[in-house]
Amino acid sequence: MGNLKKWIMGNLSTILLTGVFIIILINPDAKAWLMRQVASTGILNSRISESKERPGNTVAYTGLMLKNEDGTLIDPSHLKDKVVFINFWASWCPPCRAEFPSVEELYGKYKNHSDMVFLTVNLDDNPNLGKTYLKEKGFTVPFITPAGSIPGELYNGSLPTTVVLDKKGVIRLHHTGVADYSKASFYEQIDGLLK
């Protein structure tokens with residue numbers, strides 16, 4: 001018994017770190033918390049790019065078929081002349097969980113702006129899981145689901161994926177992976193698109 005106690009005391013930091021590592025591996029909220037800490041540094045964030053509009057560019061949301069929570073199709077014409085923030089996410093995805101508080105904060109800041117549209121597109125196999133996640137966390141972002149295929153230029157299968165379109169429908173940000181959208185620097189970039 002004395003040797004076990006001595007071994008435990010000698011390896012206490014290793015035991016604690018192993019315990020934390022196991023918790024992070026099995027608990028999606030713990031993974032999300034760790035990723036949120038990394039994302040909050042801003043290291044992983046992309047910046048909104050300059051417009052690369054060329055003659056003949058198609059509007060990025062052409063062919064995008066979505067429906068809102070009550071099943072009503074979203075008319076793509078409502079996106080015309082708006083800055084569109086699209087976030088593809090799933091409730092089971094730890095990076096999505098990590099960035100969602102910042103998406104909610106961004107939504108809270110701009111939800112009443114007449115020239116801004118939020119499309120937070122849930123890609124859970126069972127949409128009820130996404131609805132439950134939003135309700136449990138108290139998130140108020142719009143619950144949107146696909147009503148058809150998603151154009152490859154917007155979403156290529158990686159979660160989370162965030163796309164920002166300018167008022168002409170040109171992709172100005174296409175970011176795959178966790179990011180923090182609640183930074184003042186990102187708000188400034190959105191404000192620039194809204195002008």
Side-chain angles (χ1 to χ4, degrees), residues 24-25 28-54 57-66 74 76 79 82-107 109-110 116-127 129-130 133-134 137 139 141-190 192-193:
I24 289 172
L25 278 177
D29 287 331
K31 285 182 204 174
W33 177 85
L34 180 62
M35 290 178 187
R36 193 166 27 259
Q37 301 318 302
V38 172
S40 70
T41 66
I43 293 171
L44 304 174
N45 291 6
S46 289
R47 293 191 51 80
I48 291 176
S49 67
E50 294 299 315
S51 178
K52 295 179 181 142
E53 185 178 7
R54 298 176 304 279
N57 258 7
T58 58
V59 175
Y61 50 78
T62 301
L64 181 62
M65 295 177 56
L66 302 171
I74 295 172
L79 307 179
K82 309 276 187 198
V83 173
V84 183
F85 180 90
I86 308 171
N87 182 264
F88 297 98
W89 67 282
S91 64
W92 53 263
C93 163
C96 302
R97 287 174 171 251
E99 78 176 7
F100 227 84
S102 73
V103 172
E104 174 72 19
E105 198 169 320
L106 177 70
Y107 175 69
K109 182 166 177 61
Y110 291 98
M116 184 91 181
V117 174
F118 284 85
L119 301 173
T120 46
V121 184
N122 178 261
L123 298 176
D124 278 300
D125 290 335
N126 177 354
L129 295 173
Y133 171 73
L134 293 181
K137 299 298 180 182
F139 295 137
V141 297
F143 184 79
I144 310 291
T145 55
S149 61
I150 299 169
E153 65 184 314
L154 296 178
Y155 176 69
N156 64 8
S158 297
L159 290 174
T161 294
T162 301
V163 179
V164 176
L165 308 176
D166 66 16
K167 289 183 177 184
K168 295 178 181 177
V170 175
I171 296 173
R172 299 291 294 276
L173 171 103
H174 192 285
H175 183 81
T176 302
V178 66
D180 186 347
Y181 299 107
S182 64
K183 298 275 187 202
S185 59
F186 190 73
Y187 295 159
E188 289 171 11
Q189 294 172 61
I190 292 292
L193 291 179

Open item on the list: Run Thr120 and Trp89 through side-chain contact (heavy atoms from CB on, under 4.5 Å) and show every step you take.
Closed with: CA-CA 7 Å; Thr120 46; Trp89 67 282; 3.9 Å; yes

- [ ] Give a yes or no on whether the backbone of Ser91 and the side-chain of Arg97 come within a donor-acceptor separation of less than 3.5 Å.
- [x] yes

Are side-chain heavy atoms of [X] and [Y] found at a separation under 4.5 Å?
X      : Y      : answer
Phe118 : Ile144 : no
Phe186 : Leu106 : yes
Leu134 : Val141 : yes
Phe85  : Tyr107 : no
Leu173 : Val163 : no
Ile86  : Val117 : no
Pro101 : Val103 : no

When rounded to the nearest 0.5 angstrom, what distance separates [atom1] in [X] from [atom2] in [Y]?
X      : Y      : atom1 : atom2 : result
Tyr133 : Cys96  : OH    : SG    : 8.5 Å
Thr161 : Leu154 : OG1   : CG    : 10.0 Å
Tyr61  : Lys82  : OH    : NZ    : 10.5 Å
Lys167 : Met116 : NZ    : CE    : 11.0 Å
Phe88  : Thr176 : CZ    : OG1   : 10.5 Å
Leu64  : Ile74  : CG    : CD1   : 8.0 Å

TODO: Among Leu165, Thr62, Leu119, find the residue that satisfies the side-chain contact (heavy atoms from CB on, under 4.5 Å) test when tested with Leu79.
DONE: Leu119

Contact summary for [X] and [Y], nearest pair of heavy atoms:
X      : Y      : answer
Gly177 : Glu99  : O-OE1, 3.5 Å
Pro127 : Asp125 : CD-O, 3.6 Å
Ala179 : Ser102 : O-OG, 3.6 Å

- [ ] Decide yes or no on side-chain contact (heavy atoms from CB on, under 4.5 Å) for Val164 and Leu193, but give the supporting numbers first.
- [x] CA-CA 10 Å; Val164 176; Leu193 291 179; 3.7 Å; yes

TODO: Apply side-chain contact (heavy atoms from CB on, under 4.5 Å) to Phe100 and Tyr181, showing your working.
DONE: CA-CA 9 Å; Phe100 227 84; Tyr181 299 107; over 6 Å; no

TODO: Kindly write out the residues that satisfy side chain to side chain donor-acceptor pair (under 3.5 Å) with Glu104, not counting sequence neighbours, or none if the list is empty.
DONE: Thr140

Open item on the list: If only side-chain N and O atoms count, and only distance matters, is there a donor-acceptor pair under 3.5 Å linking Asn122 with Asp124?
Closed with: yes

Open item on the list: Under 3.5 Å, is there a donor on one side chain and an acceptor on the other for Thr162 and Asn87?
Closed with: yes

Open item on the list: Taking the six-membered ring of Tyr187 as reference, does the cationic atom of Lys109 (NZ for Lys, CZ for Arg) lie under 6.0 Å from its centre and within 45° of its axis?
Closed with: yes

Task: Thr145 vs Val121, side-chain contact (heavy atoms from CB on, under 4.5 Å): CA-CA, chis, key distance, verdict - done: CA-CA 5 Å; Thr145 55; Val121 184; 5.8 Å; no

